[in-house]
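Structure first, commentary second.
Scope of the values below: all heavy atoms of this structure, side chains included, with no hydrogens, waters or symmetry mates.
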Amino acid sequence: MAKEPEKKSIKNYLSNDDIGETVRKELFRLQLECRHVEQKAYDLFLQNLIKGTSHLGLGQEAIAAGFGGAMKEGDYTFCTYRGHNHTLVRGASMTGVLGELMGRQCGLLGGKGGSMHLTSVEHGAMGSYAIIGAHLPIAIGAAWSAQYRKSNQVTVCFFGDGTTNIGAFHEALNMAQVWKLPVIFVCENNLYMEYTPISEVTAVENPAADRAGAYGLESIIVDGNDADEVYRHAKAAMEKAREGEGPSLIEAKTYRHSGHSRADPGDYRPDGELESWLERDPLPMYRSRLLEFGLSEDEVLEMEADVMKRVDEATEIAKSSPPPTEEVMATEVWADGSSTWRN
Amino acid sequence: MAKEPEKKSIKNYLSNDDIGETVRKELFRLQLECRHVEQKAYDLFLQNLIKGTSHLGLGQEAIAAGFGGAMKEGDYTFCTYRGHNHTLVRGASMTGVLGELMGRQCGLLGGKGGSMHLTSVEHGAMGSYAIIGAHLPIAIGAAWSAQYRKSNQVTVCFFGDGTTNIGAFHEALNMAQVWKLPVIFVCENNLYMEYTPISEVTAVENPAADRAGAYGLESIIVDGNDADEVYRHAKAAMEKAREGEGPSLIEAKTYRHSGHSRADPGDYRPDGELESWLERDPLPMYRSRLLEFGLSEDEVLEMEADVMKRVDEATEIAKSSPPPTEEVMATEVWADGSSTWRN
Amino acid sequence: MAELTYREAVADGIRQEMKRDENVVFLGEDIAAAGGVFKTTVGLLDEFGPIRVRDTPISEQAILGAAMGAAMTGLRPIAEIMFSDFLAVCWDIVANQMAKARYMTDGQISVPLVVRTANGGGSRFGAQHSQSVENWAMAIPGIKVVAPSSPADVKGLLAAAIRDDNPVLFFEQKSLYAIKGTVPDGEHIEELGKSKVLRQGSDVTIVALALMVPRALEAADRLQEIDGISATVIDVRSLVPLDTSTILSEVSRTGRMITVEENPRLCGWGAELSSIVAEEMFFDLDGPIVRITTPHIPLASADHLEDLMIPSVDRIYEEVRKSMN
Amino acid sequence: MAELTYREAVADGIRQEMKRDENVVFLGEDIAAAGGVFKTTVGLLDEFGPIRVRDTPISEQAILGAAMGAAMTGLRPIAEIMFSDFLAVCWDIVANQMAKARYMTDGQISVPLVVRTANGGGSRFGAQHSQSVENWAMAIPGIKVVAPSSPADVKGLLAAAIRDDNPVLFFEQKSLYAIKGTVPDGEHIEELGKSKVLRQGSDVTIVALALMVPRALEAADRLQEIDGISATVIDVRSLVPLDTSTILSEVSRTGRMITVEENPRLCGWGAELSSIVAEEMFFDLDGPIVRITTPHIPLASADHLEDLMIPSVDRIYEEVRKSMN
Ligand SMILES: Cc1ncc(C[n+]2csc(CCOP(=O)(O)OP(=O)(O)O)c2C)c(N)n1
Ligand SMILES: Cc1ncc(C[n+]2csc(CCOP(=O)(O)OP(=O)(O)O)c2C)c(N)n1
Ligand SMILES: [Mg+2]
Ligand SMILES: [Mg+2]
């Protein structure tokens, strides 16, 4: 089940020396932030402070973090409704994220968008999209624009295994390659759509990697629970993109620890599956690696405490933020700030 | 350019003994009917007797004929706006086809559908679809129904090279394979979308065959100008489908002699390209083969004269058929025959 | 009479028809093993097996295309599109294919299928999961459009939709899934194309659909109690066919019509109805035709904002009252 | 003043804006090397090169998605969807993505783009290539909707749409491509959201759009000549924003309104307008509001049938005359 996926195309590093301590700490911090913000989000559900739905990426943090660590300022992220992590790793504020989940004024979207649409354009987080597949074509547009403007920006577009079976996936991949766009498609294969195993509805074993050839792309599979591995592939693909050599498609094998969304207890999963993946939980794995590479337990504890403190602070600020006022309900439909459709 | 495409997966027959004279004559007759009905359609345009658009398959007859010869009564055909040939080879009447092109009462669709929507359900011709890609999902539904009803019917779905880049293609292929449906997808690669060469907008060289693997399917390329080759592949794929072994995707290389549609002179084609393909025009090629295999010139001439005579007769009948009456304008929106949306 | 939720009535309607006719098959995302993301289809897989109740990939075009192809060739499929917003990804199959196949082929092709979908707001899901899009469907010639407001109607109208020989879009309001109501025992089927007068009054006719129906009823009670305004409330139930005869006759009795729509304003079904009344009953009207709608704005996610947008009992009450002056 | 066809005015408008602003880019199927299947974009590739004028695969979702992503990040794309019917295959990008991005992100995202498309009937193309779908777009909050009736408006409104910071759907009526008209020399730009009173009368206001405009004008002439009925004719030009002030003021002068719509009847723009007038001007009206539309039926292909369906000069003339009694 949770067997280490085969690594293709990039050499299988035996040590992690190539990552270096600065990046390694950064990748750990990013994973910690994702984990603790989402655990907090889960608590807030239970307290009924989050009203709508919400899709946690618990267990999948290494992917967001690996890319977050590799991306540069100005690069673009496009992600899905399961996009808290991808938005956070670009630097969006925890208060903004948690506030949005609670529908407060301080939310990234002022309460208009909600959990499924987190966006922070100033950080390059170009939106979370809740209709499966839609953001792949949009992401290629951002990449096209960067190519046209010769801005050297790379676009990274995250999506799930289930997304590989919808038409927009196909159209976007083909056009990206034909136009040699600087875009990286990252399929987070967590084995499930909502509740249905991806293997039951897909004609190939690796829903993204086995289709790369259909777009003239290399087939790349990466261990999505290892932030270093993700980071390496991210770096390589971003370099390729920046050098004008076109898109990449990366399939990262991973698992979500919680159900699909707030309402889902996840009881369609076979006995032992979650447990076996919890043994490869990216957070404790990465924590051990830090220690292996010489960080002291105290240093690690301090990092953890710092993140938790910041999450707690953000939570309090967000909780005390008022709900949006009636006035904002009708703003920002149009570029002039209004919602007027007649004179 | 018009170089003989490589033949994969079915052994490259040196002689055509396996086809047999009966089938061979049938394949010739089908190609003749297609060719002469469409040439007549072209004349009728010039006489301004066809008012809308029309998309001829001149040059691509061997594909429709090869499949037409291999299909059994009860099998389903789904095709595109370029569907005169595919409809005719199932046995739809020439009068019905030409009448529909002219918008007459005798038309297959009583003038309601026009050239792009030829349908003859009684002959298994389940419709011509004018929105690129749409009929692939619909075809899998017919195949699903046959599978469910254990009826042993096979569905054949024709489309062009350009259609391989639209989302519906991807969704249909995947679902067909997951459900092991008795459906054959036939990509008629005539090198062009409307006016744009397919190679300029596609990430792979063989737009269908190079993507077969993305759906767990075998990559099959066939010479679409050779009715015998098409017939062999059709037979094999139909057998596979009838035995419950699921779908096939076949890419048939071919060329259209005329422009994309009525309005198109086709002047985007490089010098000599048409000429080189005309050397491989399926009709004269097949005619020579008949002679090679021992038919006399007289027998062939008789076949040709017979088809032309029937086309001429059909044309006269269609021409003298009146336009649809005002009364039918509002019939057959609903199953009760009416178009009533209120009481 | 059994007491069922709106949610349970869905499975009940499907079950009734699947038992009756083995050509009825059902497909969609997570509808089989998981019983649907709204738990509307629990138990159907166990009862009818994986051949008749099929989980699909996330391929809405393939889902509706497959349903259409199957309908053309002898089956009577029910397809689920999880949220009605997702109709946009397969709109071609709805608007250009299933709606037009019969007419374009002069009746050669029949498309007896039902597309069920969870429609509407109130769940704080935000702009891409909360839309009321029944007017999208109403604008397309060749599709029937149904939107029930009660468990009994869910079952009865769903059964009727399944037996109908035309493509039917069946809009379930997701905020109504939890409501309870009595549903007749035994086989239950309603007629498509009939509105229902739920309350008869003399001063004004309030015409509502789906989630707006219970709200209109409550507003009508309040109007009666507080202001002595006597309102008819009609549940439209079916937008196509549209039961203009019931609606026009009520409006001619009361002399006034107010529509309550959940959809954003422009080109909603209330506009169509208003235009019919303004053309055919102009001289019978005592006052303007008023439309109460969600403003023409994408739906916000925060509960405070969403509640301000979708017509509430308070707003219906106020606007009707104001219009009577 | 140059004399241009409606077709030529398209390229002229694009050219003017591409010269002015290098962030304007243009993509679509067969638009570059071939100059468009309706020859509306001939010469642009030569003038602006293959980086700014790009042929695409048959991938409408990718076309509009790419346009949207580019618009979000600094460009001002123009995307062509060859026939408006094909909007159905990429409706998600239109209705759920480009229309909602700004609101959902509280203004963080701007989507300054134009989707041009050939709309409407009259070419005997049948039900999947002839629809008038401007009402589909009008029903979606967050998109502007424009439909010109003359070469000058094609150029001026297209230029305005390109400069607008919102997503604009630009519907070109394909049967109008061959008509000629004068277009001002030099830079020409119109304002979005303004209707145009093309003829002022005293008895009735006829409101029309696109192909229905020349027909309404001809019917108005005939009404004047034969029946002495004096009609105002308004070209709506822009459905969103809607110039209700011009329309309402004309209707209040004439006391009557008749809309002429090419779309099939249900939920057309005329319904919306009718409902606005029925609500806001009820007491100023002298008679029913009448809608003249294509019947609610998919469009037939045969010339005889198609001509019976789309409102003709004869039918407009007859229906207006009848409504005046
Ligand atoms: C077009 C569309 N169809 C269906 C859905 C409902 N839906 C939301 S998430 C989901 C599963 C997606 O699976 P996957 O792509 O693997 O992503 P994951 O949730 O596992 O991250 C589905 C079916 C949707 N949002 N959009
Ligand atoms: C969704 C959609 N997009 C665009 C078109 C316009 N169109 C009609 S035919 C065609 C080219 C199709 O090319 P191909 O699939 O190769 O088929 P061929 O015409 O060569 O037989 C295009 C773009 C359409 N009908 N539907
Ligand atoms: Mg998944
Ligand atoms: Mg082609």
> Can you tell me how far NE2 of A/His170 sits from CG of B/Asn165, rounded to the nearest 0.5 angstrom?
Replying inline: 5.5 Å

> Taking all non-hydrogen atoms of both residues, which atom of B/Ala203 and which atom of A/Gln177 are closest, and how far apart?
Replying inline: CB-CG, 3.5 Å

> Any idea which heavy atoms bring B/Val201 and A/Asn174 closest together, and the distance?
Replying inline: O-ND2, 3.0 Å

> Which pair of heavy atoms, one from B/Val178 and one from A/Glu200, lies closest together, and at what distance?
Replying inline: CG1-O, 3.4 Å

>> Give me the atom names and distance for the closest heavy-atom approach of A/Gly167 to B/Glu171.
In response: N-OE2, 2.8 Å

